[in-house]
Amino acid sequence: MTESEARDDAVDVIQRELTAFARRARGRAAELHPELSLVAYSILDLVLERDGCQAADVAAQFLLDKSTVSRQVGALEQLGYLEREIDPANRRNHILRATPEGRAAARKAERTRRAAFTARFADWSDDDVRTLARLLVRYNQG
């Protein structure tokens, strides 16, 4: 096998494994709320991470169209997890903020996610876990 073929095979494995990871993540989104999609779950995480943001920021971050973001934000609002505030810098815009219920739901989901990851890495060395973390950051920055 040539170096080029070996690299192509490795890229195929990476793609397959990241797809499997995404499928598991979609399934785990239901732990936050059974009717909450992975997109809505990710939006709540982003709003919390940034301590508020505009829907346009969400669309740009996840490469989503505005209608998708609008539907998902609406679902989060109906669940009581998000609310909109008028942006003091531009009163035509709204800032999305997590409600106390949204923060509590996200904390609960985070504990569940952390336990699942900890279990999956139980037989990994600390160096392997740090290496994976470093490589994932590098991949996502590319």
Side-chain angles (χ1 to χ4, degrees), residues 1-90 93-142:
M1 180 179 292
T2 68
E3 280 188 42
S4 176
E5 291 169 330
R7 183 180 179 97
D8 287 346
D9 285 349
V11 169
D12 289 343
V13 169
I14 290 167
Q15 186 275 326
R16 186 174 54 249
E17 293 303 316
L18 287 176
T19 298
F21 176 83
R23 285 188 192 120
R24 278 193 310 277
R26 277 192 297 274
R28 298 209 69 105
E31 292 171 2
L32 179 58
H33 192 281
E35 297 172 6
L36 198 61
S37 72
L38 179 61
V39 173
Y41 182 74
S42 300
I43 289 170
L44 181 59
D45 274 350
L46 182 66
V47 169
L48 284 165
E49 176 186 314
R50 295 187 178 180
D51 193 28
C53 62
Q54 294 181 9
D57 299 329
V58 172
Q61 175 70 27
F62 297 120
L63 303 174
L64 298 170
D65 62 64
K66 291 178 184 179
S67 65
T68 299
V69 172
S70 179
R71 280 191 307 276
Q72 298 301 324
V73 166
L76 288 164
E77 287 176 313
Q78 285 184 332
L79 292 168
Y81 292 169
L82 280 186
E83 59 190 3
R84 297 174 197 248
E85 294 178 2
I86 294 175
D87 185 349
N90 181 345
N93 294 331
H94 290 93
I95 303 292
L96 303 173
R97 300 258 185 224
T99 63
E101 294 83 5
R103 290 178 188 282
R107 280 192 303 271
K108 181 180 177 188
E110 176 61 28
R111 287 190 300 271
T112 302
R113 280 190 307 205
R114 178 172 287 280
F117 276 108
T118 299
R120 284 187 91 75
F121 294 133
D123 62 346
W124 288 38
S125 73
D126 292 346
D127 284 342
D128 284 347
V129 172
R130 283 191 297 270
T131 297
L132 179 60
R134 180 180 51 77
L135 292 173
L136 285 171
V137 168
R138 181 176 167 193
Y139 174 79
N140 282 323
Q141 287 175 342

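Quantities reported herein were computed from a predicted structural model and do not represent experimental measurements.
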Exercise. Is there a donor-acceptor contact under 3.5 Å linking the side chains of Ser125 and Asp127?
Worked result: no
Seminar exercise, completed: Output for pair (Leu136 CG, Thr131 OG1), nearest 0.5 Å, gives 11.0 Å
Problem set entry | Residues Asp128, Arg120: salt bridge by 4.0 Å N-O rule | no
Exercise. Hey, mind stepping through Arg16 and Asp9 against salt bridge (charged side-chain N to carboxylate O under 4.0 Å, His left out) and telling me if it holds?
Worked result: CA-CA 11 Å; Arg16 186 174 54 249; Asp9 285 349; over 6 Å; no
For this session: Flag the pair Leu79 / Glu101 as yes when at least one side-chain heavy-atom distance between them is below 4.5 Å, and no otherwise.
Result: no
Problem set entry | Donor-acceptor under 3.5 Å (Arg97 side chain, Leu82 main chain) | no
Problem set entry | Minimum side-chain heavy-atom gap Arg113-Glu110 below 4.5 Å | yes
Problem set entry | Thr2 OG1 to Asp8 CG distance, which is reported to the nearest 0.5 Å | 7.5 Å
Problem set entry | Derivation of the side chain to side chain contact (heavy atoms under 4.5 Å, CB included) call for Thr68 and Arg71 | CA-CA 5 Å; Thr68 299; Arg71 280 191 307 276; 3.4 Å; yes
For this session: With side chain to side chain contact (heavy atoms under 4.5 Å, CB included) as the test, would you mind laying out the steps for Phe62 and Leu46 before giving the verdict?
Result: CA-CA 10 Å; Phe62 297 120; Leu46 182 66; 3.8 Å; yes
Seminar exercise, completed: Taking every heavy atom of Ala98 against every heavy atom of Leu44, the minimum-distance pair comes out as CB-CD1, 4.2 Å
For this session: Would you indicate whether Arg7, at its atom CZ, is surrounded by more than 12 heavy atoms from other residues, nucleotides or ligands within a distance under 6.0 Å?
Result: no
For this session: Would you please classify the geometry between the Trp124 ring and the Phe121 ring as parallel, tilted or perpendicular, with 30° and 60° separating the classes?
Result: perpendicular
For this session: Show your reasoning for whether side chain to side chain contact (heavy atoms under 4.5 Å, CB included) applies to Gln61 and Glu49.
Result: CA-CA 12 Å; Gln61 175 70 27; Glu49 176 186 314; over 6 Å; no
For this session: Would you please test His94 and Ile86 for side chain to side chain contact (heavy atoms under 4.5 Å, CB included) and show each step?
Result: CA-CA 5 Å; His94 290 93; Ile86 294 175; 4.2 Å; yes
Exercise. At their closest point, which heavy atom of Ala106 faces which heavy atom of Leu48, and how far apart are they?
Worked result: CB-CD1, 3.2 Å
Exercise. Under 3.5 Å, is there a donor-acceptor pair between the side chain of Thr118 and the main chain of Arg114?
Worked result: yes
For this session: Specify the closest pair of heavy atoms between Asp57 and Cys53, including all atoms of both residues, with the distance to one decimal.
Result: OD2-CB, 3.7 Å
Exercise. Can you name the nearest heavy-atom pair linking Leu96 to Val58, along with the distance?
Worked result: CD1-CG2, 4.3 Å
Seminar exercise, completed: Between Tyr41 and the options Asp45, Val39, Ile43, the side-chain contact (heavy atoms from CB on, under 4.5 Å) test singles out Asp45
